[in-house]
Amino acid sequence: MTFQKPTIPKGSRDFGPSEMAKRDYIFSVIKTVFKKYGYQPIETPAMENLSTLLGKCGEEGDKLLFRILNSGDFLSNVSGNDLKSKDPVKLINLITEKGLKYDLTVPFARYVVQHQNEITFPFKRYQIQPVWRADRPQKGRYREFYQCDVDIIGSKSLLSEVELIKIADEVFNRLGIKVIIKINNRKILAGIAEIMGQAEQMMKITIAIDKIEKIGLDGVKHELLEIGIPQSSIDKLLPILTFTGDFEEKMFLLRDNLSSSKIGLQGVYELETVREYLSFFELSTAVQLDLSLARGLNYYTGAIIEIVAEDMKIGSICGGGRYDDLTGVFGLKDISGVGISFGADRIYDVMDQKDLFSEETSQVTKVMFVNFGEKEEKYCLSIIEKVRKAEISAELYPDHSKIKKQMSYANNKNIKFVAMVGEDEINENKITLRNMTSGEQIRLTLGELISKLQLE
RNA sequence: GUGGUUGUAGCUCAGCAGGUUAGAGCGCUGGAUUGUGGUUCCAGAGGUCGCCGGUUCGAACCCGGUCUUCCACCCCA
């Protein structure tokens, strides 16, 4: 008989107990902070109709969609001519009508419109779910990964931007990750494109600018020329790109340069307001103004935020921004939203590599009872019941195996205490408790055992 | 989507210019120690050399294809 090697699809992963312990820790920190600021959870399905998903993140986004083959006779809509044409784009639309979601923001917009009568605006929600992208996997890039989104929708207030930055700062501070928080505003980028006389090319220009750290100033120039931006326009851009100084100095120079652009000045005003409100909070990380920050998603219209881990080449671990009209395509106008998304898997990678998980994260069982035999295991059952009633996680080894085997089970499972109840202990009505880290052993009554373990 | 890279024991890797029975460390199982793990000593189990095909007297090694891994680009969490 032949059997297949067990495998999972490219870019997907299994998570074992120790990974899950660490992942749960990340999720719980994030959730705790989200809730503290008044956000409520929702979930949406793994799959959405393609009509919801397509066209929201540009052509690139559409390519990254995992599509789901129609059930049953999926060829029923396909004519002989369609088949002969062998046009993959046309055919795939005939045989698929659902896809796996590749972010949480677009399904959220759909949710908001669909449930608008049940929602009190402004609506603050968080959402922690997996998303799927048919990308080619590489470092920090997976085909299935978790996003942790917080959004506030139905308010234009810049307080929301401020709150989200504060939340991000708090999350990373709690996790112990050193980060760089970068902020910019699409209106500023639009203003820059406007004074360049290339307003309609704004997206292409910003994407080129975004690469400045990677390809340098000359690289950006080259890229802009390639996409057909005239030299005269590029000359207007260069001084802005070479701004130096702190937040205030850059803002001052910007206002000067963008004085002829109404939208640009609006962006400057928004950034300044956010900056001012932020000064009322104590942040563990200073927020940097990064004029080269663009972000590819084309639904952003105002503030854009990106957070990267200090000295780690893994891309951004958190990103987001304001979108003024995401619900418009689903028929609900004038609803502005702003949100950020934490990449749980990249956060995990950063923390793992920097060794930021504490030992306790992987501890589940506090005390294991050695199983000496039938008589002893029966005796242990009532004891263990009382230990668990005291909210101490305890387990009894299920087999009458050698003590050596039972001890190494406890050791491998990172169990800190082993309780031994054999004939001697039963006669004395006591329990021998061994500390697996120190090797120290003491005989205790049940009450003493419980109070000792509660302190640990 | 473009370019490159990897695949040998559960894990990390050796394996000389194609030549007999494919190796190490860690882990695992058992014993030294019949109520004591993590240290030490001894023994043992475990491999269609990713898969398919080709060249050759002979292939883990050479060639083609395929899958997979990882990386860069694109883009992104």
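Labels below follow one simple rule: chain letters A, B, ... track the order of the sequence lines, proteins then strands, and each chain is numbered from 1.
The gap from the P atom of B:U6 to that of B:C75 amounts to 28 Å, rounded to the nearest Å. Taking atom P on both nucleotides, B:A22 is separated from B:C26 by 22 Å, rounded to a whole Å. Across B:C11 and B:U69, the matching P atoms stand 15 Å from one another, rounded to whole Å. Here, B:A24 and B:G46 have their C1' atoms 15 Å apart, quoted to the whole Å. B:A32 and B:G25 are spaced 23 Å apart, taking the P atom of each and rounding to whole Å. For B:G47 and B:U12, the C1' atoms lie 16 Å apart once the distance is rounded to whole Å. On the P atoms, B:A45 is 25 Å away from B:G37, given to the nearest whole Å. Rounded to whole Å, the separation between the P atoms of B:C42 and B:C71 comes to 40 Å.
Along RNA chain B, the nucleotide nearest to A:Ile8 and the one nearest to A:Arg133 differ in position, and the one closer to the 5' end is contacted by A:Ile8. Mapping A:Pro137 and A:Phe145 onto RNA chain B via the closest heavy atom, the residue that lands nearer the 5' end is A:Pro137.
Rounded to an integer number of Å, the gap from A:Ile317 CD1 to B:A77 C1' is 9 Å. Atom CE of A:Met312 is separated from atom C1' of B:A77 by 13 Å (rounded to the nearest Å). Following rounding to the nearest Å, A:Arg13 (CZ) and B:A77 (P) show an atom-to-atom distance of 16 Å. The nearest whole Å value for the distance from the OH atom in A:Tyr126 to the C1' atom in B:A77 is 19 Å. Distance, A:Ile403 CD1 to B:G38 C1': 17 Å, rounded to whole Å. Here B:G35 presents its C1' atom at 16 Å from CZ of A:Phe369, a figure rounded to the nearest Å. The separation between A:Asp135 atom CG and B:C73 atom C1' is 12 Å, rounded to whole Å.
Considering only side-chain N and O atoms, A:Arg295 lies under 4.0 angstrom from the phosphate OP1 or OP2 of B:A77. The side chain of A:Gln138 contributes an N or O atom lying less than 4.0 Å from OP1 or OP2 of B:A72. Phosphate proximity of B:C74 to A:Lys214: present, with a side-chain N or O under 4.0 Å from OP1 or OP2. Here A:Lys313 does not reach the OP1 or OP2 of B:C71: none of its side-chain N or O atoms lies under 4.0 Å away. For the OP1/OP2 pair of B:U68 and a distance below 4.0 Å, the side-chain nitrogens and oxygens of A:Lys10 include at least one atom meeting the criterion.
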Identify each atom pair where a protein N or O and an N or O of nucleotides 25-30 of chain B are less than 3.5 Å apart, giving names and distance.
none

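Between A:Arg141 and A:Arg133, every side-chain heavy-atom pair lies at or beyond the 4.5 Å cut-off.
With B:A77, B:U2, B:U36 as the candidates, the nucleotide lying closest to the side chain of A:Met420 is B:U36. For A:Arg141, taking side-chain heavy atoms from C-beta onward, the closest of the listed nucleotides B:C76, B:G3, B:G37 is B:C76. Looking at the side chain of A:Ile207, the nearest of the listed nucleotides B:C75, B:C71, B:A77 is B:C75. Each of B:G35, B:A77, B:U2 was ranked by its minimum atom distance to the side chain of A:Tyr142; first place goes to B:A77. Distances were taken from every side-chain heavy atom of A:Lys211 (C-beta onward) to each of B:G3, B:G37, B:C74; the shortest belongs to B:C74. Side chain of A:Asp424, nearest nucleotide from B:C74, B:G35, B:A72: B:G35.
Ring pair A:Tyr409/A:Tyr397 is perpendicular by interplanar angle, where above 60° counts as perpendicular and below 30° as parallel.
The base-pairing partner of B:C62, taking Watson-Crick or G-U wobble contacts with both distances under 3.5 Å, is B:G54. Searching all strands for a Watson-Crick or G-U wobble partner of B:C26 with both distances below 3.5 Å returns B:G10. Across all strands shown, B:G46 forms no Watson-Crick or G-U wobble pair with both key distances under 3.5 Å.
There is no side-chain donor-acceptor pair under 3.5 Å between A:Asp149 and A:Gln127. Side chain to side chain, A:Glu377 and A:His400 meet the donor-acceptor criterion of an N or O pair below 3.5 Å. Side-chain atoms of A:Gln441 and A:Thr432 include no donor-acceptor pair closer than 3.5 Å. No side-chain donor-acceptor contact under 3.5 Å links A:Tyr300 and A:Asn184. Donor-acceptor pairing under 3.5 Å is recorded for the side chains of A:Glu170 and A:Tyr37.
Contact annotation: side chain of A:Asn411 to base of B:G37, donor-acceptor pair present below 3.5 Å. A donor-acceptor contact under 3.5 angstrom links the side-chain atoms of A:Arg136 to the base of B:G3. One cannot find a donor-acceptor pair under 3.5 Å joining the base of B:G35 and the side-chain atoms of A:Gln441. Interface remark: the A:Gln406 side chain does not form any donor-acceptor pair with the B:U36 base, using a distance-only criterion of under 3.5 Å.
Within 6.0 Å of NZ in A:Lys178 there are 12 or fewer heavy atoms belonging to other residues, nucleotides or ligands.
The aromatic ring of A:Phe372 does not sit over the base of B:G35; the criterion of centres under 5.5 Å apart with planes under 30° is not met.
The shortest non-hydrogen separation linking A:Phe330 to A:Val113 is O-CG1, 3.2 Å.
For the pair A:Arg23 and A:Phe15, the cation-pi test (distance below 6.0 Å, angle within 45°) is passed.
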